[in-house]
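One structure below.
Every chain is numbered from 1, with letters handed out A, B, ... down the list of sequences.
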Amino acid sequence: MYLFNTLKKRKDEFVPIDESNVRMYVCGPTVYDRAHLGNAKTPVAFDVLYRVLCNKYGKEHVTYVSNITDVDDKILDKHKKTGKPIREITEQTYQWYIDDMAKLNILPPNHRPRATEYIDEMIELVKLLLKEGHAYETNGHVLFDVDSMPGYGFLSGRSMKEMLAGARIEVADYKKNPADFVLWKPSDADQPGWDSPWGYGRPGWHLECSAMSAKLLGNTFDIHGGGADLIFPHHENECAQSMCAHPGEKFANYWVHSGMLMVDGVKMSKSLGNFYTIDEVLEKAPAEALRLMFLTTHYHQPFNFTFEGLEAAKQTLDKFYNALLKVKEIEPKDDASADERVVGALEDDLNTPLALSYIHELVNALNKAEDQDEKQELKGKLLKSAYLLGILWQDPKEWFRGGADDEAQEIEELIAQRAEAKKNKDYALADEIRNNLKARGIILEDSPQGTTWKKA
RNA sequence: GGCCGGUUGGCAGAGUGGCUCAUGCAGAGGACUGCAAAUCCUUGUACAUCGGUUCAAUUCCGGUACCGGCCUCCA
């Protein structure tokens with residue numbers, strides 16, 4: 001198995017530290033508002049990776065952690081703006097996020113730790129960094145001392161000189177080096193905070209992931225993932241904290257980053273008016289179409305979102321489910337396993353577009369299959385392969401009829417009337433019935449076995 | 001200014017030092033059908049540009065152009 005490793009800037013053979021416990025940590029969202037499309041793309045990519053790892057090493061041998069950041073200045077801002085209690089904001093947003101993830105068929109990670117539940121671990125980590133001489137206390141803050149770490153910048157490939165050339169680092173006069181970042185900062189009495197050796201305060205963002213990953217996965221684990229925008233400064237700083245606090249440890253062996261989401265060729269942003277939340281896009285298309293759409297581009301590439309692309313993904317699913325609908329009554333072979341070409345494509349740095357091309361081939365073969373054995377085998381292989389991608393989990397009838405159950409009986413009656421008209425060669429009446437249903441968004445399909453219907 | 005990635009047929013998007021061929025959508029023709037739909041068959045069109053390496057480059061190396069991301073909170 002191969003993964004593109006940001007540490008080496010190339011595809012790298014994946015060798016876990018312990019095959020009986022493969023460990024992955026992926027940075028999750030800060031819960032202050034509805035999750036947007038970018039917040040969907042990254043978890044989908046890592047969900048596929050999780051599925052592939054489970055397939056290769058066995059589900060019980062993989063530990064997947066994805067955190068929830070529920071203490072952050074953005075949450076404070078939201079609280080100031082809306083007046084809503086912090087706890088209410090984080091709980092509500094957390095629930096929205098979990099619901100969105102479930103709709104996208106993302107398997108729950110083994111742990112979804114919340115930052116506020118690991119404050120003790122964070123405080124211990126800061127103490128350790130102070131003791132090791134990698135941090136200093138000033139103005140009520142505890143800062144990480146980047147000059148104390150030789151090689152700071154190795155993950156993002158930046159030298160200190162380059163970082164300063166950007167000249168957009170927050171400069172505070174109490175910092176020894178402008179690149180020093182906050183480990184612990186003071187809170188006002190009305191702000192969320194915890195008592196610490198440095199007074200009432202709250203953790204810096206980067207600290208959370210270092211503390212939670214160490215607690216749940218150990219000081220060195222296999223894969224650390226997230227969106228490409230986190231490489232610097234977030235992941236760079238996590239590396240710095242974790243490696244300095246635990247000398248000799250490598251923190252994460254493989255750093256995997258998913259490409260950014262764009263809309264109509266440019267970055268998605270509120271000011272450009274091209275900003276979409278997951279739930280508003282799901283009003284226009286099924287969640288499975290959104291998931292499939294992300295998989296049509298390699299996870300490492302930037303993804304350009306368009307509603308045309310979303311519609312195309314829905315059409316592809318129509319094709320897939322149509323093939324499954326035709327073999328609905330056929331039991332898939334129970335000892336079926338995923339197509340080895342699909343597994344091969346996915347184990348080669350999650351080449352989902354290539355894997356999907358094989359899914360298309362399986363669907364085509366299934367459409368052409370004539371004898372029972374062949375259909376059973378292909379259906380089994382298709383479903384197992386699709387599971388690795390997290391698609392085709394629905395009942396095909398449900399896919400086509402979703403939300404039209406209350407009309408089902410009436411539609412069946414109209415189909416019966418039309419069959420009668422066809423029998424009498426009254427094609428005018430037959431076509432009228434079909435056209436009327438079409439106007440309501442119901443598509444009829446005749447076959448030698450009778451007539452079936454779908455919702456458009 | 002620094003760092004990173006991209007440029008493949010009408011569109012989306014993989015991949016490869018030489019082979020008949022990605023795949024899908026769209027287009028054209030056909031089969032099936034009362035007509036449709038779905039499905040099947042056939043089919044056209046491609047590797048930004050300039051150099052280098054090579055018997056051979058879309059594929060490797062270098063330059064150029066253009067596009068995008070990151071360098072500030074961000075998945």
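- The six-membered or imidazole ring of A:Phe4 lies away from that of A:Tyr2, with a centre-to-centre distance of 6.0 Å or more.
- Listed by first residue number, the stems of RNA chain B with at least three Watson-Crick or G-U pairs below 3.5 Å are B:1-7 with B:65-71, B:10-12 with B:23-25, B:27-31 with B:39-43, B:48-52 with B:60-64.
- Base contact: A:Lys422 has a heavy atom under 4.0 Å from a base atom.
- Comparing A:Asp431 and A:Asn39, the nucleotide of RNA chain B nearest to each residue sits closer to the 5' end for A:Asp431.
- Using a cutoff of 4.0 Å between basic side-chain nitrogens and carboxylate oxygens, A:Arg401 and A:Asp395 are not scored as salt-bridged.
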Provide a list of protein-nucleic acid N or O atom pairs under 3.5 angstrom, restricted to nucleotides 68-70 of chain B.
| from | atom 1 | to | atom 2 | distance (Å) |
| --- | --- | --- | --- | --- |
| B:C70 | OP1 | A:Lys267 | NZ | 2.3 |

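- Under a cut-off of 6.0 angstrom, the local environment of NZ in A:Lys397 is sparse, with at most 12 non-hydrogen atoms contributed by other residues, nucleotides or ligands.
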Return a table of donor-acceptor pairs under 3.5 angstrom between the side chains of residues 375-390 of chain A and protein atoms on other chains or two or more places apart.
| from | atom 1 | to | atom 2 | distance (Å) |
| --- | --- | --- | --- | --- |
| A:Gln376 | NE2 | A:Glu331 | O | 3.3 |
| A:Lys379 | NZ | A:Val327 | O | 3.0 |
| A:Lys379 | NZ | A:Ile330 | O | 2.8 |
| A:Ser385 | OG | A:Asp339 | N | 2.9 |
| A:Ser385 | OG | A:Lys381 | O | 2.7 |

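- As judged by a 4.0 angstrom heavy-atom cut-off over every strand, A:Leu261 is placed among the base-contacting residues.
- Residue A:Lys41 is classed as having no contact, given no heavy-atom separation below 4.0 Å to the nucleic acid.
- At the heavy-atom level, A:Thr296 lies under 4.0 Å from the strands shown only through sugar-phosphate atoms.
- A salt bridge links A:Arg440 with A:Glu407: the closest approach of a Lys/Arg side-chain nitrogen to an acidic carboxylate oxygen falls below 4.0 angstrom.
- Distances shown here put a side-chain N or O of A:Asn364 below 4.0 Å from the OP1 or OP2 atom of B:C40.
- Contacts of A:Gly309 with the nucleic acid, taken as non-hydrogen atoms under 4.0 Å apart, are absent.
- The pair A:Lys185-A:Asp73 counts as a salt bridge, with a side-chain nitrogen and a carboxylate oxygen less than 4.0 angstrom apart.
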